[in-house]
Amino acid sequence: MKNEITVYPPATVANVVCGFDVLGFALESPCDKMLVRLVPRRGVTIINKDDFDLPPEPEKNVAGAALLAMLKELPDDIGFEVESTKSIKPGSGIGSSAASASGAVVGANHLLGNRFSNTDLVRFAMSGEEVASGVKHADNLAPCIYGGVTLIRSMDPLDIIKLDAPPLYVTITHPQIEVKTSDARQILKKQILLTDAIKQWGNIAGLVAGLMKGDYALISRSLVDVLIEPVRSILIPGFDEIKRRSKEAGALGGGISGSGPAMFMLCKEEGTARQVAEVGKEVYAKIGLPCLTYQSRINPEGVRVSREPVLS
Ligand code: HSE
């Protein structure tokens, strides 16, 4: 019987400009690497094999908390060990904590013969997100686990819809500063105007319709956020210039990835995505801030499970 498996949970983009806490999509890269092992005793052991100095105590660790939530629904003689090698930097805005939580539960579920549904896995992984940011948001977890573009219609009960999308190229520009999701949530307005809400839900509906119809022009004009971006973008040096110049270079649109500081831009053509990456590099070179850029397509699969599990 299989007792260990390697999984590769990918980075994700949450919010997708107008869909705060409800929309997200998975990237092909970067990905973390996690080895998940099934053990015949209750408990979770975390071994961090990278330099991010994440806590090894399972209840304080994102992957550990997700697995502890899963263990509550499993027999007493089952436990897990996880060896985690992260490439997705914590505090980047491209779903680092979601990758850890998703990889852990997808790997564990695979070893258990896939006894849990994807919705169950998101539910367990939300305990991991709670450890990371104090909030059980699922907009990075859903695309990481389901793959592609996802909509969370409801958090309670969880109702997750995987959306069709036309071919899209994504450019991520990640200035090397850290923004904690908890801080980026703290600064948001707790109440909004009805007039702003009307604009926002028009754009969310427009974006979903544009993705489902493969209508690039509709996608482009729906990538507008009147609620969150005006508040959070002040935390990201160069944001306005990168957004303006990326659109001038032909990007359909984009904005803050999750809670930032990474930004994402959607493009119809691969060449445009490359030009957008150059825009980001130029702006941050001018500011004197190191940055990383990634180009990726939307990843329809989510967490990749190694094709060659170790047998015992
Ligand atoms: N929807 C969450 C937020 C995503 O924007 O706070 C965090 O990655």
Side-chain angles (χ1 to χ4, degrees), residues 9-27 30-32 52 54 62-63 65-66 86 88-103 122-123 125-146 149-156 158-161 163 170 172-175 177-190 192 196 200-201 203-204 207-208 223-236 239 243 254-264 294 296 299 302:
T12 46
V13 170
N15 301 338
V16 200
V17 179
C18 49
F20 180 69
D21 275 2
V22 300
L23 288 175
F25 61 79
L27 297 170
C31 287
D32 291 344
F52 291 121
L54 295 170
V62 167
K86 290 191 70 63
I88 310 169
K89 194 173 173 184
S92 57
I94 50 173
S96 179
S97 54
S100 296
S102 302
V122 171
R123 185 164 54 79
M126 281 164 71
S127 296
E129 285 290 48
E130 191 176 25
V131 166
S133 67
V135 182
K136 284 188 163 188
H137 64 88
D139 49 343
N140 291 101
L141 298 170
C144 203
I145 289 170
Y146 284 67
V149 186
T150 52
L151 165 71
I152 299 163
R153 191 205 60 81
S154 158
M155 290 282 284
D156 188 15
L158 261 183
D159 186 2
I160 297 167
I161 299 112
L163 304 175
V170 189
I172 301 287
T173 305
H174 176 202
I177 53 174
E178 188 181 341
V179 172
K180 284 196 163 54
T181 298
S182 48
D183 295 340
R185 294 183 82 90
Q186 198 66 41
I187 61 171
L188 297 177
K189 292 183 200 156
K190 302 296 175 280
I192 58 170
D196 285 342
Q200 197 82 0
W201 60 56
N203 282 318
I204 299 172
L207 180 55
V208 171
L223 286 168
V224 177
D225 173 10
V226 297
L227 298 180
I228 310 298
E229 183 179 294
V231 182
R232 283 185 172 172
S233 58
I234 54 171
L235 300 175
I236 306 172
F239 178 87
K243 185 168 170 176
I256 305 170
S257 176
S259 55
M263 296 179 64
F264 81 99
Y294 304 97
S296 170
N299 164 0

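Model, not experiment: these values are computed from the prediction. Only heavy atoms go into these numbers, but all of them, side chains included; no hydrogens, no water, no symmetry mates. Whatever order the structure lists them in is the order used to number ligands and atoms, beginning at 1.
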Might you list the protein residues in contact with ligand 1, defined as having a heavy atom under 4.0 Å from one of its atoms, sorted by chain and number?
-> Ala14, Asn15, Phe20, Asp21, His137, Asp139, Asn140, Thr181, Arg185, Arg232, Gly258, Ser259
Rounded to the nearest 0.5 angstrom, the CG-CZ distance for Leu27 and Phe264 is 10.0 Å
Rounding to 0.5 Å, atoms CZ (Arg185) and NE2 (His137) come to a distance of 5.5 Å
Sort out for me which residue in Asp139, Asp21, Asp159 forms a salt bridge (Lys or Arg N to Asp or Glu O under 4.0 Å) with Arg153.
-> Asp159
Could you tell me whether the side chain of Ser97 reaches within less than 4.5 Å of the side chain of Val131, counting heavy atoms only?
-> no
Going from CD1 on Ile187 to CG on Leu235, what distance comes out if it is rounded to the nearest 0.5 angstrom?
-> 4.0 Å
Does a donor on one side chain sit under 3.5 Å from an acceptor on the other, for Thr12 and Asn140?
-> yes
